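Below is one structure, written out as structure tokens; comments come after it.
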Amino acid sequence: MSPLKHQNPAWQLTALSLAMALPSLGTSIANVALPAFAESFMATPQDVQWVVIAYLLAVTTTIVTAGRLGDMFGRRRLLLLGMVVFSAAALLGAFASQLWMLVMTRAMQGLGAAIMMALAVAMVGDLVPAERTGRAMGLLGTMSAAGTALGPSLGGLLISAMGWHAIFAFMAAAGAASWGLARQVLPAEALSRQPASLDVTGMVLLAFSLSAYALAATMQGGIQSAMMLIGLAIGGFIAFLIVQSKVTSPLVRLDLFSRRSLSAGIISLALVSSIMMATLVIAPFYLSDVLQLDALAIGLVMSVGPVVAALVGVPAGRLVDRAGATRVVNGGLIAVAGGSLLMLVLPEMLGTSGYILSLVTITAGYGLFQAGNNTSVMNGTTKEQRGVTSGLLSLGRNVGLISGASTMGTLFVLGSQGVLPVLGQGSDAGLQLTFAVGALLAGIALVASRWGVTGRMPEGDGRD
């Protein structure tokens, strides 16, 4: 038996933290390589975008299933499998000679990432006492943000030194090292004696619905194609709900949503995530068109958000354990709404410093909200449902990110074109319209969160 198994539980949290950081790194490190992919494969920007889209689609469509499989067959063993899949796909990607091969390996890597993300959060309840869950969730949030922040700079360094193949070789090595640590320090699980039944029909319907919605949100085929895909997504989701209500062992038990804290937590997370995506899709256009920043300065300003999220995560978790999840969630949502309102005035008044101050307020609020929301939802679920509950939370976040990329980008364009005469025209008007809607979404999330409080156990009982 390894000596690490006798050491501090910090080793276990380190393993879970790496399982959260690597999927985020896998997203952001590939974004910076898109021009290199286009040059290497002599492809268009629209074609190489599928390197990113394939990864996000795989994560979004499989993350709930990954959580359910962890509940059924053991979270540790499935987490280890996810790390193997992530690493093997990255290694295959390093040797891809055609763009379609790289896209396929990225979809495979997204599957591994979905398993890692869902089960890392789910395993917190297996390893950490309820009264310290907030700190653990804050740490995982910090590591996820750190992975996002590290990706562009690390990717740029590796590409400039050794070419784009190096970023996949790095992810393969990092994934293998994470697997080695997790295998040593995470406690073994007893095999369930209950016969396992997998809802394959539900899996297929949910994956179909989410794929159709995600593809519609990319607007790759124009408005008519998007509307058709949305119709297919709605039809598939209705069929999914019907199946879940009839099968004996559903992928997602619909009675889970009778617990208001879960429903409110997913809704709030989706809304706030769409606001966070606005800070990523709007920034390059506003910072270049209005504030006249060059590419280097734009990159530095955009890195402020992930850095703030990384710094806030652990203190936010400690605050959750001390003050209770409800207070921290409310405070975080108020900060997100306030930062969105600051975006309406401070950039115009103070320029770049005003934009950064507004961004810091939004991102810090998001860090507080996420630590409190994840803690509240996960502490309120049973051990047997932690995997699927974690998957549902991650699904809410991903749907919010996908929706935000489409809808917030559209709002920015409409605002820039002068859809509201009172705001005028140009990128500054687009920014104001986008974040006015962002403030409204944060307000709705706050209302939803307050509604969900009535479905939670009283604070102070260790299951807030």
Side-chain angles (χ1 to χ4, degrees), residues 24 27-28 31-32 138 141-142 144-153 269 271-316 331-371 397 400-401 403-405 407-409 411-412 415-416 423 426-443 445-446:
S24 298
T27 301
S28 61
N31 287 339
V32 75
T142 290
S144 178
T148 302
L150 180 63
S153 57
L269 184 56
L271 293 172
V272 175
S273 295
S274 67
I275 300 170
M276 294 306 301
M277 180 53 75
T279 67
L280 299 176
V281 299
I282 301 306
F285 301 99
Y286 179 80
L287 295 175
S288 61
D289 294 346
V290 177
L291 300 182
Q292 299 293 304
L293 301 184
D294 59 24
L296 176 61
I298 290 173
L300 290 174
V301 171
M302 291 183 66
S303 69
V304 169
V307 169
V308 170
L311 293 175
V312 167
V314 173
L333 290 174
I334 290 171
V336 172
S340 298
L341 292 174
L342 290 178
M343 277 288 190
L344 307 184
V345 293
L346 287 190
E348 187 174 10
M349 292 172 54
L350 304 177
T352 303
S353 60
Y355 183 91
I356 292 175
L357 180 59
S358 304
L359 178 62
V360 167
T361 304
I362 292 173
T363 311
Y366 176 72
L368 289 169
F369 162 76
Q370 184 172 240
R397 176 179 177 273
L401 293 175
S403 302
T407 58
M408 296 306 224
L411 284 172
F412 180 78
S416 300
L423 296 178
S427 294
D428 49 356
L431 181 83
Q432 291 170 350
L433 175 60
T434 302
F435 283 98
V437 173
L440 176 62
L441 294 179
L446 183 59

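For the single chain, residues carry numbers from 1 onward in sequence order. These figures come from a predicted structure and were not determined experimentally.
Residues meeting the side-chain contact (heavy atoms from CB on, under 4.5 Å) test with A429, sequence neighbours left out: L423. Take S416 and apply the side chain to side chain donor-acceptor pair (under 3.5 Å) test, not counting sequence neighbours, and it matches no residue. Legend: residues meeting side-chain contact (heavy atoms from CB on, under 4.5 Å) with A436, ordered by chain and number and at least two apart, are L344. The side chain to side chain donor-acceptor pair (under 3.5 Å) test applied to S403 returns Y213, not counting sequence neighbours.
Across D289 and S427, no two heavy atoms sit closer than the pair OD2-OG, 3.2 Å. Of all heavy-atom pairs spanning A316 and L368, the tightest one is CB-CD2, 3.7 Å. Nearest heavy-atom pair across M343 and L431 is O-CD2, 3.7 Å. Listed here is the closest heavy atom pair of S340 and I275: OG-CG2, 4.0 Å. The two residues Y286 and P347 come nearest to each other via the heavy atoms OH-CB, 3.2 Å. Considering all non-hydrogen atoms of both residues, G430 and T434 come closest at O-OG1, 2.7 Å.
Between L446 and the choices I334, L441, V272, V336, the side chain to side chain contact (heavy atoms under 4.5 Å, CB included) rule is met once, by I334.
Residue pairs satisfying the side chain to side chain donor-acceptor pair (under 3.5 Å) criterion with at least one member in residues 341-367, sequence neighbours excluded, are listed as follows: E348-Q432, Y366-Q370.
The CZ atom of R397 lies 8.0 Å from the CE atom of M277; values are rounded to the nearest 0.5 Å. One finds the CG atom of L433 at 12.0 Å from the CG atom of D428 (value rounded to the nearest 0.5 Å). Taking CG of L346 as the start and CG of L359 as the end, the distance is 12.0 Å to the nearest 0.5 Å.
Residues F435 and T279 are in side-chain contact: their nearest non-hydrogen atoms beyond the backbone lie under 4.5 Å apart.
At distances below 3.5 Å, at least one donor-acceptor pair connects side-chain atoms of S24 with backbone N or O atoms of S144.
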